[in-house]
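Order of the sequence lines fixes the chain letters, A, B, ..., with proteins taken first and strands second; residue numbering starts at 1 for each chain.
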Amino acid sequence: DQQVKQNSPSLSVQEGRISILNCDYTNSMFDYFLWYKKYPAEGPTFLISISSIKDKNEDGRFTVFLNKSAKHLSLHIVPSQPGDSAVYFCAASEQGTYKYIFGTGTRLKVLA
Amino acid sequence: ETGVTQSPTHLIKTRGQQVTLRCSSQSGHNTVSWYQQALGQGPQFIFQYYREEENGRGNFPPRFSGLQFPNYSSELNVNALELDDSALYLCASSPGGGDGTYEQYFGPGTRLTVT
């Protein structure tokens, strides 16, 4: 039972344009969501998080949107840069459990 | 500030053997989690340790066990290795403690191959 789903295995975007990565979840108890970026031969790097009490969180070029009623979150990267090319994982947790449930990842390729 | 480190980087073992993987937490972090990432999948939670006690466990059999030491470093032990145990093993540390959630910071992982 995949509680966190990233239905797009890959995405290609032109440099300078917007990248939108999507994530759906099924467990209504999840109240904390994160995005991680992973380069080959490295561990996942924390990008941005959002609590369920918010619907948007912004950090520089990265913005995460949360739609609780649809159980959907998205990561927007504007403008996209070639260095953003990586696999992006979304993760969710219930408050206090510290256990993250990860999606299967979306491979983003930003074309120069 | 030193990040999360893991050793070894790569390891090849034979089915039935035992393996120990090691992790040093980021300075100031008292919670360590271990994840298994199979090829093409997201990381799957194995277990977590908080102040030397197991604080939660995922759907992994008892042959996966762990330890956390007073300096908050940690070990993952896997007994009776199976071919399906071949994966990237990730350690993550966080400040932890109390209610709420904290970002977890990952090490580079140990690539285990079981033949």
Side-chain angles (χ1 to χ4, degrees), chain A residues 1-10 21-25 27 29-54 57 59 62 64 66 75 86-107, chain B residues 3-10 21 23-26 29-51 53-60 68 87-111:
Chain A
D1 176 29
Q2 191 75 27
Q3 296 185 67
V4 177
K5 299 176 187 177
Q6 294 176 258
N7 292 317
S8 299
S10 63
L21 295 97
N22 294 304
C23 179
D24 297 295
Y25 62 96
N27 187 343
M29 297 300 291
F30 288 150
D31 56 8
Y32 191 64
F33 304 88
L34 311 93
W35 285 93
Y36 280 84
K37 177 171 73 173
K38 188 178 185 303
Y39 294 118
E42 294 183 14
T45 302
F46 169 73
L47 265 180
I48 192 168
S49 62
I50 188 167
S51 164
S52 59
I53 62 173
K54 294 184 173 182
N57 190 25
D59 184 0
F62 302 92
V64 55
L66 176 62
L75 174 68
V87 178
Y88 289 77
F89 291 99
C90 104
S93 74
E94 295 177 45
Q95 187 179 35
T97 65
Y98 310 119
K99 168 185 173 181
Y100 288 179
I101 305 296
F102 281 84
T104 52
T106 296
R107 183 177 300 277
Chain B
V4 178
T5 60
Q6 292 185 243
S7 62
T9 307
H10 294 91
L21 310 182
C23 171
S24 290
S25 302
Q26 187 165 315
H29 289 184
N30 56 17
T31 301
V32 173
S33 302
W34 285 92
Y35 291 82
Q36 180 196 66
Q37 186 179 11
L39 206 58
Q41 301 295 317
Q44 285 202 41
F45 176 74
I46 302 175
F47 44 57
Q48 182 182 91
Y49 280 83
Y50 171 59
R51 292 185 177 175
E53 297 285 332
E54 189 178 289
N55 192 39
R57 191 178 181 91
N59 293 328
F60 281 81
Q68 188 181 30
L88 180 68
Y89 288 86
L90 295 162
C91 164
S93 73
S94 61
D99 288 331
T101 53
Y102 299 89
E103 292 85 34
Q104 295 182 3
Y105 295 87
F106 284 82
T110 294
R111 172 73 61 188

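Each of B:W34, B:Y49, B:Y89 was checked for a side chain to side chain contact (heavy atoms under 4.5 Å, CB included) with B:C23, and the lone residue meeting it is B:W34.
Side chain of A:N57 to backbone of A:V64: no donor-acceptor contact under 3.5 angstrom is found.
Ring geometry for A:Y100 versus A:Y36: interplanar angle of 30 to 60°, hence tilted.
For the pair A:T104 and A:P9, the minimum side-chain heavy-atom distance is 4.5 Å or more.
Looking at B:Y35, the atoms closer than 4.5 Å to chain A (heavy atoms on both sides) all sit in the side chain, from C-beta outward. For a residue to count as touching a neighbouring chain, one of its non-hydrogen atoms must lie under 4.5 Å from one of that chain's; by this rule B:Q48 touches chain A with the side chain only. For a residue to count as touching a neighbouring chain, one of its non-hydrogen atoms must lie under 4.5 Å from one of that chain's; by this rule B:Q6 does not touch chain A.
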